[in-house]
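A short worksheet on the structure shown next.
Labels below follow one simple rule: chain letters A, B, ... track the order of the sequence lines, proteins then strands, and each chain is numbered from 1. All of these numbers come straight from a predicted model, not from anything done at the bench.
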There are 2 protein chains.
Amino acid sequence: MTDPRLTPLAASLPDTVPFVGPETQQRRMGRDFTARLGANESVFGPSPRAVEAMQAAAQKVWMYGDPEAHELREAIAAHHGVAPEHIRVGEGIDGLLGLLVRLTITQGDWVVTSEGGYPTFDYHVTGFGGRIEHVPYAGDRVDTEGLIDRAGWAGAKLAYISNPDNPMGGLHDAATIRAMIEALPAGALLVLDEAYVEFVPEAQLLPIDAEDDRVIRLRSFSKAHGLAGARVGYAIGPAPLIAAFDRVRNHFGLGRIPQAGARAALADRDHLDHVVSQVAAARARIAAIAHDNGLAPLPSSTNFVAIDCGGDGALARRVMTGLAARGVFVRMPGVAPLDRCIRVTAGHEADLDIFAAALPEALEEARAAP
Amino acid sequence: MTDPRLTPLAASLPDTVPFVGPETQQRRMGRDFTARLGANESVFGPSPRAVEAMQAAAQKVWMYGDPEAHELREAIAAHHGVAPEHIRVGEGIDGLLGLLVRLTITQGDWVVTSEGGYPTFDYHVTGFGGRIEHVPYAGDRVDTEGLIDRAGWAGAKLAYISNPDNPMGGLHDAATIRAMIEALPAGALLVLDEAYVEFVPEAQLLPIDAEDDRVIRLRSFSKAHGLAGARVGYAIGPAPLIAAFDRVRNHFGLGRIPQAGARAALADRDHLDHVVSQVAAARARIAAIAHDNGLAPLPSSTNFVAIDCGGDGALARRVMTGLAARGVFVRMPGVAPLDRCIRVTAGHEADLDIFAAALPEALEEARAAP
């Protein structure tokens with residue numbers, strides 16, 4: 001039943017949500033996962049200083065957080081060596097994507113993204129009545145030339161790419177991203193989702209040029225910084241666009257506690273370095289487990305590894321389901337041919353022991369299924 | 001300078017924001033307020049159990065919060081004796097208002113609200129291209145009959161009222177609210193903002209009837225529950241409308257920490273009762289301070305008191321500015337004739353001592369100004 005007061009657009013929207021949380025799966029199963037390796041969270045946790053800062057902030061939580069997130073914004077700007085006018089902090093990259101789409105896309109406008117790319121971008125575009133041109137991956141990587149080509153063809157206002165890539169894990173080098181920007185049609189904006197960028201050596205990244213009005217870069221405290229449950233992301237972009245967020249955002253939406261946690265996390269580079277090395281070790285172990293089972297791990301510049309299960313999407317889905325039945329939460333890409341893979345987040349040794357024990361059984365079961 | 005990629009609607013929006021935070025004022029002044037009595041926060045703080053719950057949650061913040069906020073939603077539903085399908089949790093009433101407007105208002109649609117009412121509602125309506133019919137207050141109270149009359153006249157889809165009222169503090173009784181609902185034009189929805197409802201004895205409130213599809217009630221953990229900096233609000237409304245929020249919301253936007261804090265706060269009725277009695281005592285003291293200065297306090301069913309400064313808006317603004325110069329943060333209504341008042345939040349004795357000392361000076365200065 002639909003509420004008769006919905007706008008025609010709202011009434012037309014599908015009831016599907018971008019992601020079902022692991023808690024929902026746990027409620028359906030009637031028990032908890034023993035290895036939570038599906039949401040690309042950081043099992044290595046945030047900086048202890050971030051936890052302390054949030055615990056201290058909890059004692060002052062009767063006060064609204066600063067609606068300008070001034071101190072956090074200044075800290076991020078200083079960290080990247082840009083003026084604060086180029087920084088916008090918000091409720092995760094998801095929240096910032098929603099606002100960006102709202103600011104730029106009205107009914108009938110086109111965007112381009114990859115087929116099987118980040119579903120929350122599509123969710124927001126659909127939510128504002130935009131039209132989506134999907135470009136297939138090429139060799140398990142975003143087809144950057146194809147994206148730009150289609151952006152011109154469709155007259156797209158936004159072209160979305162995540163780099164490093166989610167869900168496949170690969171990285172396009174700085175020259176490729178620069179070539180995308182240079183080839184972008186006039187009037188279009190490159191939406192460069194860099195949620196996993198802290199796992200990439202700085203030298204491999206396109207340097208930040210906040211004056212370049214052809215690109216907005218989105219970053220997160222949810223991945224390498226280990227603050228997924230605090231929901232803080234930020235955008236680096238052209239000042240007039242960054243300013244426009246003030247016209248549509250939920251000004252007090254980013255609370256006092258996440259602001260404090262993100263500031264402390266940003267300042268603790270030692271912890272970040274520690275996490276990055278732990279993640280590299282975990283990726284190597286996940287790859288080894290895949291090889292042990294005769295499967296091919298894909299190269300990853302993120303905190304997860306996509307593993308080719310060697311069949312079609314139905315096989316990979318059975319593997320994922322079999323892992324869930326054995327207490328292991330993983331996810332998988334949604335469309336072919338990416339969906340021949342499962343996607344396993346970097347975990348502690350103990351998490352990966354559970355995964356290593358469960359995978360052969362899940363594989364055997366999946367292959368034996370009718 | 002405007003970004004050329006903004007939608008026509010986004011490009012047309014004003015740069016004003018609904019509220020400037022006290023932190024911004026402090027940065028401009030170069031020093032902090034000594035009495036923070038302007039944002040209707042609860043200086044009495046949240047339940048200690050809520051603080052503990054948030055501090056514990058901070059240690060698990062590497063995990064995303066449950067995007068369905070299942071446990072909190074169930075707890076709120078049980079608290080009100082309604083099915084969870086009638087409850088939607090979100091990033092404060094502000095966030096929920098934004099989503100509600102997005103779901104129901106498209107360009108050219110009308111809403112009605114009070115002239116000088118909650119600016120964030122207007123902000124969202126303008127943000128989605130809606131048109132606003134403002135109805136003047138009548139005797140410092142929302143003109144409920146006028147609102148309904150204008151709703152019919154304008155073909156409004158939403159009629160907004162805060163009860164108890166912000167910024168004036170008064171309460172309409174249950175019979176008046178019921179009469180509004182009964183008289184609402186077909187196809188309209190009453191948006192009943194009850195941010196301050198916990199300060200009102202239950203017996204004076206319209207009982208919740210979640211099956212009534214003519215009204216959505218909005219409640220907050222920011223006021224009596226003392227969790228402003230955690231940003232949690234909820235809606236109680238018709239199931240099809242509540243379900244539709246899933247089509248447009250930021251699913252992971254409500255983090256793990258606020259969910260934990262709100263659950264613990266909801267469970268601690270003793271603390272809530274304590275706060276309500278502290279607030280009543282503080283209101284009486286604020287009223288006494290007003291009387292001591294020859295000013296008239298307005299009756300209040302909230303955690304603040306509007307004080308008639310006995311002149312026009314310019315005088316009240318000078319009083320507010322004079323208080324700020326003396327370290328006291330208060331706010332004031334934005335339009336005449338409400339703007340003859342300043343609005344003072346319930347504080348600790350020490351806060352009100354500072355206010356009591358500053359008010360005579362601020363008044364004298366304001367009256368002496370050219």
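- A donor-acceptor pair is defined here as one N or O able to donate and one able to accept, closer than 3.5 Å; no such pair exists between the side chain of B:R49 and the backbone of B:D268.
- Proximity to chain B (any heavy atom under 4.5 Å) is restricted, for A:A244, to the side chain, taken from C-beta onward.
- Annotation: maximal heavy-atom pairing with chain A below 4.5 Å, among B:A10, B:G255, B:A228, occurs at B:A228.
- You'll find the side chain of B:R5 reaches within 4.5 Å of the side chain of A:D213, heavy atoms only.
- Residues B:H70 and A:E23 form no side-chain contact, since every pair of their non-hydrogen atoms from C-beta on lies 4.5 Å or further apart.
- For the set B:T2, B:D15, B:T16, the entry with the most heavy-atom pairs within less than 4.5 Å of chain A is B:D15.
- At a threshold of 4.5 Å between non-hydrogen side-chain atoms, the residues B:L241 and B:I216 count as touching.
- Note: B:R249 leads B:R249, B:E71, B:H124, B:E52 in heavy-atom pairs under 4.5 Å with chain A.
- Between A:F252 and B:F19, the ring planes lie perpendicular to each other; the angle is over 60°, past the 30° to 60° tilted range.
- Proximity to chain B (any heavy atom under 4.5 Å) is shown, for A:F128, by both the backbone and the side chain.
- A 4.5 Å side-chain heavy-atom check between A:V17 and B:P67 finds every atom pair outside the cut-off.
- A salt bridge between A:E68 and A:R88 is absent, with no side-chain N of the basic residue lying under 4.0 Å from a carboxylate O of the acidic one.
- Interface remark: B:I105 contributes backbone atoms only to the contact with chain A (heavy atom separation under 4.5 Å).
- Residue A:R27 touches chain B through its side chain alone, counting heavy-atom pairs closer than 4.5 Å.
- Between the side chain of A:R73 and the backbone N or O of A:P84, at least one donor-acceptor pair lies under 3.5 Å.
- Within the 4.5 angstrom heavy-atom criterion, no atom of A:P4 approaches chain B.
- For B:H271 and B:F44, the distance between ring centers is not under 6.0 angstrom.
- The candidate with the highest count of non-hydrogen atom pairs below 4.5 Å against chain A, out of B:G65, B:P258, B:S222, is B:S222.
- Neither the backbone nor the side chain of B:A57 comes within less than 4.5 Å of any heavy atom of chain A.
- Of the two parts of A:P22, neither the backbone nor the side chain holds a non-hydrogen atom closer than 4.5 Å to a non-hydrogen atom of chain B.
- When each of B:K157, B:M54, B:H251, B:Q259 is checked for heavy-atom pairs under 4.5 Å with chain A, B:H251 comes out on top.
- Looking at A:K60, there are no atoms closer than 4.5 Å to chain B (heavy atoms on both sides), in backbone or side chain.
- Classification of B:D66 and B:R256 as a salt-bridged pair fails, no side-chain N sitting under 4.0 Å from a carboxylate O.
- Chosen from A:V61, A:V51, A:N250, the residue pairing most often with chain B at heavy-atom distances under 4.5 Å is A:V61.
- The existence of a salt bridge linking A:K223 and A:E41 is excluded, since no basic side-chain nitrogen approaches an acidic carboxylate oxygen closer than 4.0 Å.
- For a heavy-atom cut-off of 4.5 Å, chain B lies close to A:E91, A:D94, A:G95 in residues 91-100 of chain A.
- Per-residue counts of heavy-atom pairs under 4.5 Å with chain B were compared for A:V43, A:L158, A:T120; the largest is that of A:V43.
- To the nearest 0.5 angstrom, A:I242 atom CD1 is 9.5 Å from B:D3 atom CG.
- Across A:V20, A:T126, A:L189, A:T106, the residue that shares the most heavy-atom pairs under 4.5 angstrom with chain B is A:L189.
- The side-chain contact (heavy atoms from CB on, under 4.5 Å) check on B:A56 picks up nothing, with sequence neighbours excluded.
- The shortest distance between side-chain heavy atoms of B:L13 and B:L6 does not fall below 4.5 Å.
- Ranked by heavy-atom pairs shorter than 4.5 Å toward chain A, the options B:S42, B:G21, B:P48, B:P8 are led by B:S42.
- Of the two parts of A:R231, only the side chain, counted from C-beta on, holds a non-hydrogen atom closer than 4.5 Å to a non-hydrogen atom of chain B.
- Between the side chains of B:E211 and B:H86, a donor-acceptor pair is found at a separation under 3.5 Å.
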